[in-house]
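Hydrogens, waters and symmetry mates play no part in the numbers below; they use all other heavy atoms, side chains included. Counting convention: from 1, in listed order, for ligands and their atoms alike.
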Amino acid sequence: MQQVLVADNISKSFTTGTTVHHALKNVCLSVNKGEIVMLMGPSGSGKTTLLSIMGGILSPSSGEISIAGQSMTGVSSTKKGQLRLQHIGFIFQEYNLFPSLSALQNVQVALALRGESGKRARDEAATHLQSVGLGDKLDNHPSKLSGGQKQRLAIARALAGNPTLMLADEPTAALDSENGTIIMNLLKKLAREHNRAVVIVTHDNRIIDFADRILRIEDGHLIGPSDSTMNPLARPSQGARSPSGGDKA
Ligand code: ADP
Ligand code: MG
């Protein structure tokens, strides 16, 4: 199955006092294995809300969402939590690391949530840190890491769950171009070599070349076709898919 995530007619409203705000309006999209999708749009357009719904952190007000063929709507919160642990990795602009834990321990926490502990978990955490180039920083606390290194640690932690779908909210916004490119190359490797799906919310025009598809959102509406909008800027060498796509589908 090529489709990792399917969102069908998702709407989301927030009620504050007597005011109802419609943050997402009838959003339909799907995300396939091996592709990098960027979600772009003005501030307040609903990007983070959509990403949170894709990751099972927020529930939609209406519509259905499924991950790896399993519905995340209308299931118990326990089931939803299991699907999230099994399939989804999150990366945030602000890293969201545990400041009092070392780099190694930050990754081990993610493994512990999945029932892994002891030497095996330690070795696995170290392997993930090596894969993002932090093999010599295992004992560093986040305060002893640069911004780019912190984001790489956040990626290592997200990789610990072996996610089918990696979701990233403005992962390069706080970084200089060089570090932004390092982060994007790690995410590209995840998509291409490990055939995972990557969805990135971004304002960052410096990284747009990495997108196979760009989805635009405005005022809660996804603009344009959601499944065949190719990135006109993506270079073929960066693996842009042919519009017919899906020869394995
Ligand atoms: P973006 O990430 O594109 O900047 P968001 O998804 O964070 O936008 O927000 C979309 C809209 O929904 C905004 O108008 C925001 O104020 C509103 N919103 C988001 N979360 C909440 C919430 N928990 N309660 C009320 N309104 C919210
Ligand atoms: Mg946001």
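Remark: of the listed residues Leu159, Leu138, Asn106, Ile155, Leu138 is the sole one forming a side chain to side chain contact (heavy atoms under 4.5 Å, CB included) with Leu129.
Contact annotation: the side chain of Arg196 never approaches that of Met166 to less than 4.5 Å [non-hydrogen atoms, C-beta and beyond]. The shortest distance between side-chain heavy atoms of Val132 and Leu153 does not fall below 4.5 Å. Side-chain atoms of Pro60 and Thr73, non-hydrogen and from C-beta on, do get closer than 4.5 Å to each other.
Residue, atom and distance of the protein heavy atom nearest to atom 25 (C) of ligand 1 are Phe14 CB, 3.3 Å. Distance from atom 5 (P) of ligand 1 to its nearest protein heavy atom, with residue and atom name: Thr49 OG1, 3.6 Å. Considering only non-hydrogen protein atoms, atom 7 (O) of ligand 1 sits nearest to Thr48 CB, 3.7 Å. What sits closest to atom 10 (C) of ligand 1 on the protein, heavy atoms only, is Gly44 O, 3.4 Å.
The shortest N/O to N/O separation between Thr16 and ligand 1 does not fall below 3.5 Å. At least one N/O-N/O distance between Gly46 and ligand 1 falls below 3.5 Å.
At a distance under 4.0 Å, a protein heavy atom can be found next to atom 3 (O) of ligand 1. Within the 4.0 angstrom cut-off, atom 15 (C) of ligand 1 has no protein heavy-atom neighbours.
A donor-acceptor pair is defined here as one N or O able to donate and one able to accept, closer than 3.5 Å; no such pair exists between the side chain of Ser117 and the backbone of Ala112. The main-chain N or O of Leu58 is never found under 3.5 Å from a side-chain atom of Ser52 such that the two would form a donor-acceptor pair. Although no hydrogens or angles enter the test, the distance criterion places a donor-acceptor pair under 3.5 Å between the side chain of Glu35 and the main chain of Asn32. In this structure a side-chain-to-backbone donor-acceptor pair under 3.5 Å is missing from Gln3 to Lys33.
Salt bridge annotation for Asp209-Lys188: absent, with no cationic side-chain nitrogen under 4.0 angstrom from a carboxylate oxygen.
For Gly41, the heavy-atom gap to ligand 1 stays at 4.0 angstrom or more.
Atom CG of Leu113 is separated from atom CD of Gln108 by 12.0 Å, given to the nearest 0.5 angstrom.
The Mg ion (ligand 2) has Thr48 OG1 as protein N, O or S atoms under 2.8 Å away.
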